[in-house]
Protein chains: 2
Amino acid sequence: MQPRIPVPTIRRLPGYLRLLREAAASRMDFISGTYLANELNLEPIQVRKDLAITGVAGKPRTGFAVRELINAIESLLGWSNTHDAFLAGVGSLGIALMGYGGFREYGLEIVAGFDIDKNKIGKTFHGKKVFAMEKLADLVQRLGICTCILTVPASAAQAVTDRLIAAGIIGIWNFTPAKLQTPDNVIVEKVDLAASLAVLSSKLQARQAKLI
Amino acid sequence: MQPRIPVPTIRRLPGYLRLLREAAASRMDFISGTYLANELNLEPIQVRKDLAITGVAGKPRTGFAVRELINAIESLLGWSNTHDAFLAGVGSLGIALMGYGGFREYGLEIVAGFDIDKNKIGKTFHGKKVFAMEKLADLVQRLGICTCILTVPASAAQAVTDRLIAAGIIGIWNFTPAKLQTPDNVIVEKVDLAASLAVLSSKLQARQAKLI
DNA sequence: TAGATTGTTAATCGATTAACAATC
DNA sequence: TAGATTGTTAATCGATTAACAATC
C-alpha cells in the first residue's frame, strides 16, 4: 500500500505529465525538476516533493528519466490505458464535452450519451450516440463502464445520480452545481465553476476596491 | 482594508449563497450555520469561521439574517450587480458557455464572442454575436469590459491572452490547459479540468488496486 | 431557566518551504 | 574537481478542528 498522496500533489501531476510528454516527443531522455518548476511557476522543492511520491529516483545533475516518469505518473493516475465513460445529460455543455477530444490525453474516452429527451435519443453528436436513460444499466453492464460525466440540469442531478449508482457507476464527474448525496463507495469529483468564478471575481473586486 | 480571505473560504461562499437565496425565496428571515453545514456536508465550525469573514454577526439560537448575509457575500464576491464579459474562442465549449444562463447567478453575463474564424464572425449563438478579434480592443473600451472567458485551443492560448491584455482585459477565466504568462496586475483563474479528472481517476485507480 | 447557537482562543493537522547533505 | 541537482530532515505557514465561554 502506498502512503496516501496529497490531493494538491495529484492535481499538479497532469502539468508535469504534459511537459514530460512534450520532452519525450522531442526525444529528450532526461528532464530536471528545476526545469519543470520554471515552466509551471512552481518552487523546485515542491516539484521534487511531488515527484518523490511516484517512486522514481532522479540522478543528481541529470534529472529524471522522462519515459520512466511518464509511466509512473500515468499508472498512479490510472491513465496508462484509456477508460471508457458515459455522459448523462446531452445539453449544450454535454455536447461540447462529447466533442472535446482532449480528454483522451487524460485517459478518458466518452463512448455514449444518455438523455430523457426523445428528440435527442437516437441522434449522434460528434460521432457518439445518445441512448435513453432506461438503457443505462444494461449498457454499463455490457461495456463494463464505471465512470459517468454528469451534465444534466441541477434540478435533475440527484435523481440522475441515484440512477447512475443503481446502474453500477462508481465514478462521477459532476459538472452540475448540485452537491450530490452518494454512498461511501462511490467517488464524486465536482468541477465547481461557481467556486472558480468566485475566486476570480473576488480578486477583481478586491482590486477595484483598492483603486478607489 | 479587510484581513485577506483564505481562498478555500472564497470557494465555499457560492455554496452558502445558493442556500441563502433558496431560504430567501421561501421567506425565511434567519438561517443557522448548523443548517448550512448539514446541507453542504461541512463542519459547523467551518461554516461559522467562513461566515465570520463577511462581518455579519449572528444571533445565538437564531442564526444569521438571511438578507444581510446574502448582501455581504455578494459584495465580497463582487456579485452585487452583473458584470459583462467577453468570450474568446467560439468553439464547441465556447458556444456551450455562451448558452449557459446560470452564470448570471454568479454575477457574470457573456455579452459577445470573439474568434478568428471567418465562418463564425457575424454569426449569433444563443443570442450573442461573434466579432473578429480585431474588434476586441475597441469594444473593450466602448463597453468598459474587464473580464474575458478564454476557450481557444491550447496552442493559441498564450497569443490570444497577450491580445486580451493589450486590449485592456484584466480578468481572465482560463478554460484551456495552458499555463498563461501574464503581468502581475492581470488576474487569471484557471478551470483545470485535467487536475479535476486526475483526482477522480486516481481515486478510482486506488480503489481498483485495493480490490485486487 | 434550559439549551441551541454563536464567536473566540487554542490545538491540531497537513502542505509548503527551507536548509543542507549526498551524489554524479 | 566543481557545481548542478536530487533527496532527506526540520521549520514554517496556513487551514481546519476542538474546546468552551458568551448570548439570547
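Atoms considered below: every heavy atom in the structure, side chains included; atoms not considered: hydrogens, waters and symmetry mates. Naming: A, B, ... by sequence-line order, numbering from 1 per chain. Given the structure is predicted, the values throughout are model-derived calculations rather than measurements.
- Pair assignment for D:dG3: C:dC24, on the basis of Watson-Crick or G-U wobble contacts that are both within less than 3.5 Å.
- For C:dT8, the paired nucleotide is D:dA19, the pair qualifying as Watson-Crick or G-U wobble because both relevant distances are below 3.5 Å.
- If you measure from atom CD1 of A:I31 to atom P of D:dT6, you get 10 Å, rounded to the nearest angstrom.
- A straight line from CD of B:E43 to P of C:dT5 spans 15 Å, rounded to a whole angstrom.
- For the residue pair A:Q46 and A:D50, no side-chain donor N or O sits within less than 3.5 Å of a side-chain acceptor on the partner.
- If A:R61 and A:S32 are placed on DNA chain D by their nearest nucleotide, the residue sitting closer to the 5' end is A:R61.
- The CD-P distance, from A:Q46 to C:dA19, rounds to 17 Å in whole Å.
- Put simply, B:R48 has no side-chain N or O that comes within less than 4.0 Å of OP1 or OP2 on C:dA4.
- A donor N or O paired with an acceptor N or O is found under 3.5 Å between the base of D:dT17 and the side-chain atoms of B:K49.
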For B:F114 and B:V90, what are the C-alpha separation, side-chain angles and deciding distance, and is it a side chain to side chain contact (heavy atoms under 4.5 Å, CB included)?
CA-CA 7 Å; B:F114 290 83; B:V90 188; 5.9 Å; no
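- Phosphate contact (OP1/OP2 of D:dT6, side-chain N/O of A:T34, threshold under 4.0 Å): present.
- Whole-Å rounding puts the A:I5 CD1 to C:dA15 C1' distance at 15 Å.
- In this entry the distance linking CD1 of B:I53 with P of C:dT8 reads 14 Å, nearest Å.
- A straight line from CD of B:E68 to P of C:dT6 spans 14 Å, rounded to a whole angstrom.
- Counting only distance, with no hydrogens or angles, the side chain of B:R67 and the backbone of B:F30 share no donor-acceptor pair below 3.5 Å.
- A:T82 and A:E109 form no side-chain donor-acceptor contact under 3.5 Å, judged by distance and modelled atom types alone.
- Within the 3.5 Å criterion, the main-chain N or O of A:E105 finds a donor-acceptor partner in the side chain of A:R21.
- No engagement by B:A52 is indicated, since no non-hydrogen atom pair under 4.0 Å with the nucleic acid exists.
- Atom CG in B:N38 sits roughly 14 Å away from atom P in C:dA4 (whole-Å rounding).
- Place A:K59 and A:T9 on DNA chain C by their nearest nucleotides, and A:T9 ends up nearer the 5' end.
- When each of A:P60 and A:I45 is assigned the nucleotide of DNA chain D bearing its nearest heavy atom, the one mapping closer to the 5' terminus is A:P60.
- For the pair B:R4 and D:dA15, the criterion of a side-chain N or O lying under 4.0 Å from OP1 or OP2 is met.
- Between the CD1 atom of B:I10 and the P atom of D:dT16 there is a distance of 12 Å, rounded to whole Å.
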